[in-house]
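For reference, the structure is listed below as structure tokens.
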Amino acid sequence: MRLFLAIELPTALLETLEAALAMLRAEAPELAWVAPPKRHLTLRFLGDVPGVRLEAVVAVAESAAAKHRPFAMEIGGLGAFPNFRRARVVWIGVAQEPRLELLHHDVEVAADTHGFGIEGRAFRPHVTLARVRTPLPEDRMRRFARAARKIDFSATCAVEEITLFESTLAPDGARYRKVHAATLAGGGR
Ligand code: 3AM
């Protein structure tokens with residue numbers, strides 16, 4: 001099973017975000033835009049995990065979630081990995097939030113404890129909006145970056161659970177299935 005842990009975003013937020021992106025989408029309709037229900041904040045990609053290890057992944061989510069109580073995070077600000085000029089992924093960011101950093105840290109620690117190792121790359125919290133499969137010509141990319149920086153969207157959203165998703169790759173993009181939700185149960189932090 002191809003698994004990852006993520007934070008889901010409320011439908012209302014996804015809808016207002018989509019409306020705010022209309023002009024930007026029109027600038028580059030040929031990008032692989034992620035459908036709003038498939039947008040989330042990935043905490044940890046686990047990759048292919050044998051079915052028998054599913055319980056261990058659930059335990060990773062549960063043990064990290066048990067250490068935290070719900071908190072709020074702020075979504076806003078468009079960007080691209082690695083940058084707009086060479087964009088592969090276009091995203092909306094998440095304002096720096098110590099509780100999110102701690103949650104991610106605890107997911108990493110739990111993943112290591114349960115034998116999945118530490119991912120070891122910097123956590124850059126983001127919500128993927130579009131993937132760039134074929135680069136746009138330079139001038140169009142410059143226009144796109146300008147339009148992206150003009151998007152005025154910010155929203156606060158409650159983080160209440162860690163969701164375990166199964167991703168199934170398909171020619172028309174990955175399909176995600178919710179496998180488990182671990183509630184931030186309000187532990188010591
Ligand atoms: O929704 P985003 O883009 O943040 O990019 C993939 C997606 O994150 C990421 O896991 C999420 C669900 O597919 N992903 C896919 N392959 C990955 C890999 N090998 C990966 N993240 C890290 N390493």
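Counting starts at 1 for both ligands and their atoms, following the listed order. Quick note: numbers below take in every heavy atom, side chains included, and nothing from hydrogens, waters or symmetry partners.
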Sequence neighbours excluded - ring pair (Phe, Tyr, Trp, His ring centres under 6.0 Å) pairs with any residue from residues 12-44: F4-H40, H40-F165, H40-Y176

F144 and F84 aromatic ring geometry - parallel, tilted or perpendicular at 30°/60° bounds: perpendicular

Note, F81 side chain near R124 side chain (heavy atom, < 4.5 Å): yes

Hphob cluster co-occupancy, L46 + V109, side-chain heavy atoms under 4.5 angstrom: no

Neighbour count >12 (heavy atoms, 6.0 Å) for atom CZ, R175: no

For ligand 1, the residues whose heavy atoms come within less than 4.0 Å (ordered by chain, then number): R2, F4, H40, T42, F45, E119, R121, H126, T128, R131, Y176

Chi angles and distances behind the side-chain hydrogen bond (donor to acceptor under 3.5 Å, both in side chains) call for S167, R2: CA-CA 5 Å; S167 161; R2 192 170 193 264; 3.1 Å; yes

